[in-house]
Number of protein chains: 2
Amino acid sequence: MKRDSRLSSVLHALLHMAEHDGPMTSETLAECMNTNPVVVRRTMGLLREAGIVASARGHAGGWTITADLGTVTLRQLHEVLGEPAIFAIGNRNETPDCLVEQSVNAALDAAFTEAEALLLDRFADVTLADLAADFARRHAERRARKGVGNAK
Amino acid sequence: MKRDSRLSSVLHALLHMAEHDGPMTSETLAECMNTNPVVVRRTMGLLREAGIVASARGHAGGWTITADLGTVTLRQLHEVLGEPAIFAIGNRNETPDCLVEQSVNAALDAAFTEAEALLLDRFADVTLADLAADFARRHAERRARKGVGNAK
DNA sequence: CGACTCGTAATAATTAAAGTTACATGAAAC
DNA sequence: GTTTCATGTAACTTTAATTATTACGAGTCG
């Protein structure tokens, strides 16, 4: 399969929303993420169910962040997206009769479980506010490099 | 994408070969792994290039382990298989111009890098000999449960 | 020589994500 | 109230990746 980049996508979208006053439409978000408005709605719909964003229809409608940026972690977003499979490699058969394969699975599973726990812990450490702060830092750096006034 | 289960497959094959006297044909291995002989040849061919197994054609041909079981780690096998992508989730765009996306990527990459390092460390800790020992333990356990004589 | 087995190229099937089209629903503007 | 804008969703297509299959070439043992 393709790699699942929805977590990356929603983070991108959320940060743009955080930097933007007022609601952003699916179309605007889709443009800035180089994708399709329907994909945006599908994904953002999950965040809405979790109370992280709100949507409004009609004129001046669109998507708005409702949660506090400091309380939303990458881990929570991963969960909201349905906890998609993290690993692209895995066991051929999850419940084998073959004892040999059971040994193999046990060894691989142990390693995968540890790595997954570490990844989720790291995800739990990072909030949207952290990312926004990192973005602000990068933005200031770029302005400094280019000279104030040419900042874009 | 589908999940890559070649590491699981080759481990399964190697352990069966370790338990078996003489060479095993691609067809036999394919049967016990529920796959296709050509797939077996393709994958085992990589191990042959790495000096882990040898193949012989013709009558009484097939595959044999040439390496010492205690020296072959899961990590080495992962490398021999071409270091396939470990994660099924990832960034939408690896080299974005957008500063927002750069922040997102940096945060995700940091977490993925750590988790990958941990996984590879764990893989480096496990040898084929360890798996063979684990299999022997499971085998003895089952024989004990079923009673000697009914062991299968 | 003939059966057996690997070696390999080319192609199809499978699977899951992402994209697209189409249309319904609801809200604000006029 | 009708038009316009935007979300909500279902159905379908496209894309990217692994895995499976077919077909045939080439070496090896009996």
Side-chain angles (χ1 to χ4, degrees), chain A residues 1-10 12-13 17 20 22-31 33-49 53-64 66 78 81-94, chain B residues 1-10 12-13 17 20 22-49 53-66 78 81-94:
Chain A
M1 67 187 142
K2 280 177 177 174
R3 287 173 96 183
D4 184 337
S5 59
R6 285 178 305 159
L7 181 57
S8 171
S9 290
V10 295
H12 191 175
M17 287 162 66
H20 186 268
M24 292 182 75
T25 67
S26 304
E27 184 137 11
T28 307
L29 288 170
E31 266 169 36
M33 298 164 64
N34 239 47
T35 179
N36 191 290
V38 177
V39 174
V40 172
R41 283 182 209 129
R42 262 206 300 256
T43 319
M44 297 299 278
L46 296 171
L47 303 208
R48 183 186 48 222
E49 289 172 19
V53 300
S55 59
R57 303 204 236 200
H59 275 277
W63 301 90
T64 328
T66 53
H78 173 69
L81 292 177
E83 307 198 28
I86 288 177
F87 296 107
I89 56 187
N91 297 325
R92 153 173 300 267
N93 176 349
E94 288 301 340
Chain B
M1 65 190 138
K2 277 181 178 172
R3 292 174 96 183
D4 182 336
S5 58
R6 286 177 305 159
L7 181 57
S8 170
S9 290
V10 296
H12 191 175
M17 287 162 65
H20 185 267
M24 294 183 74
T25 67
S26 303
E27 182 137 12
T28 309
L29 287 170
E31 266 169 36
C32 93
M33 298 166 63
N34 239 47
T35 179
N36 190 291
V38 178
V39 175
V40 172
R41 284 184 209 128
R42 261 206 301 257
T43 318
M44 297 299 278
L46 297 171
L47 303 208
R48 183 187 46 223
E49 290 172 19
V53 300
S55 60
R57 304 203 234 202
H59 273 279
W63 300 91
T64 327
I65 300 186
T66 53
H78 172 69
L81 292 176
E83 308 198 28
I86 288 177
F87 296 106
I89 55 188
N91 297 326
R92 153 172 300 267
N93 176 350
E94 288 301 338

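Chain letters run A, B, ... following the sequence lines, proteins first and then strands; every chain starts at 1. Keep in mind that this is a model prediction, so the values were computed, not measured.
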Within the modelled atom types, does a donor on one side and an acceptor on the other bring the side chain of [X] and the base of [N] under 3.5 Å apart?
| X | N | result |
| --- | --- | --- |
| R57(A) | dT7(D) | yes |
| R42(B) | dA20(D) | yes |
| H59(A) | dT4(D) | yes |

To the nearest Å, give me how far apart [atom1] ([X]) and [atom2] ([N]) are.
| X | N | atom1 | atom2 | answer |
| --- | --- | --- | --- | --- |
| N36(B) | dT14(C) | CG | P | 14 Å |
| N91(A) | dT19(D) | CG | P | 12 Å |
| N34(B) | dT21(D) | CG | C1' | 15 Å |
| N93(B) | dA16(D) | CG | C1' | 17 Å |
| R3(A) | dA17(C) | CZ | C1' | 13 Å |
| W63(A) | dT7(D) | CH2 | P | 7 Å |
| L29(A) | dA18(C) | CG | P | 16 Å |
| D4(B) | dA20(D) | CG | C1' | 14 Å |

Practice task
Would you sort out whether H78(A) and I86(A) count as a side chain to side chain contact (heavy atoms under 4.5 Å, CB included), showing the intermediate values?
Solution key: CA-CA 10 Å; H78(A) 173 69; I86(A) 288 177; 4.0 Å; yes
Practice task
Mind checking G62(B) for me? I need base, sugar-phosphate or nothing, with any heavy atom below 4.0 Å counting as a touch.
Solution key: sugar-phosphate
Practice task
Assign A85(A) to base, sugar-phosphate, or nothing according to its heavy-atom contacts below 4.0 angstrom with the strands shown.
Solution key: nothing
Handout entry: P23(A) vs W63(A) side-chain heavy atoms within contact, under 4.5 Å
Key = no
Exercise for the section: Would you indicate whether the side-chain heavy atoms of S55(B) and M44(B) approach each other to under 4.5 Å? Expected result: no
Is any side-chain N or O of [X] closer than 4.0 Å to OP1 or OP2 of [N]?
| X | N | answer |
| --- | --- | --- |
| S26(A) | dA6(D) | no |
| R41(B) | dC6(C) | yes |
| S5(B) | dT19(D) | yes |
| T25(B) | dT5(C) | no |
| R92(B) | dA17(C) | no |

Handout entry: Under 3.5 Å side-chain donor-acceptor pair for S9(A) and R92(B)
Key = yes
Practice task
Please assess S8(B) against S5(B) for the test side chain to side chain donor-acceptor pair (under 3.5 Å), listing each intermediate value before the final yes or no.
Solution key: CA-CA 5 Å; S8(B) 170; S5(B) 58; 5.9 Å; no
Problem - Closest listed nucleotide, where the reference is the side chain of V38(B) and the choices are dT9(D), dT19(D), dA23(D) - result: dA23(D)
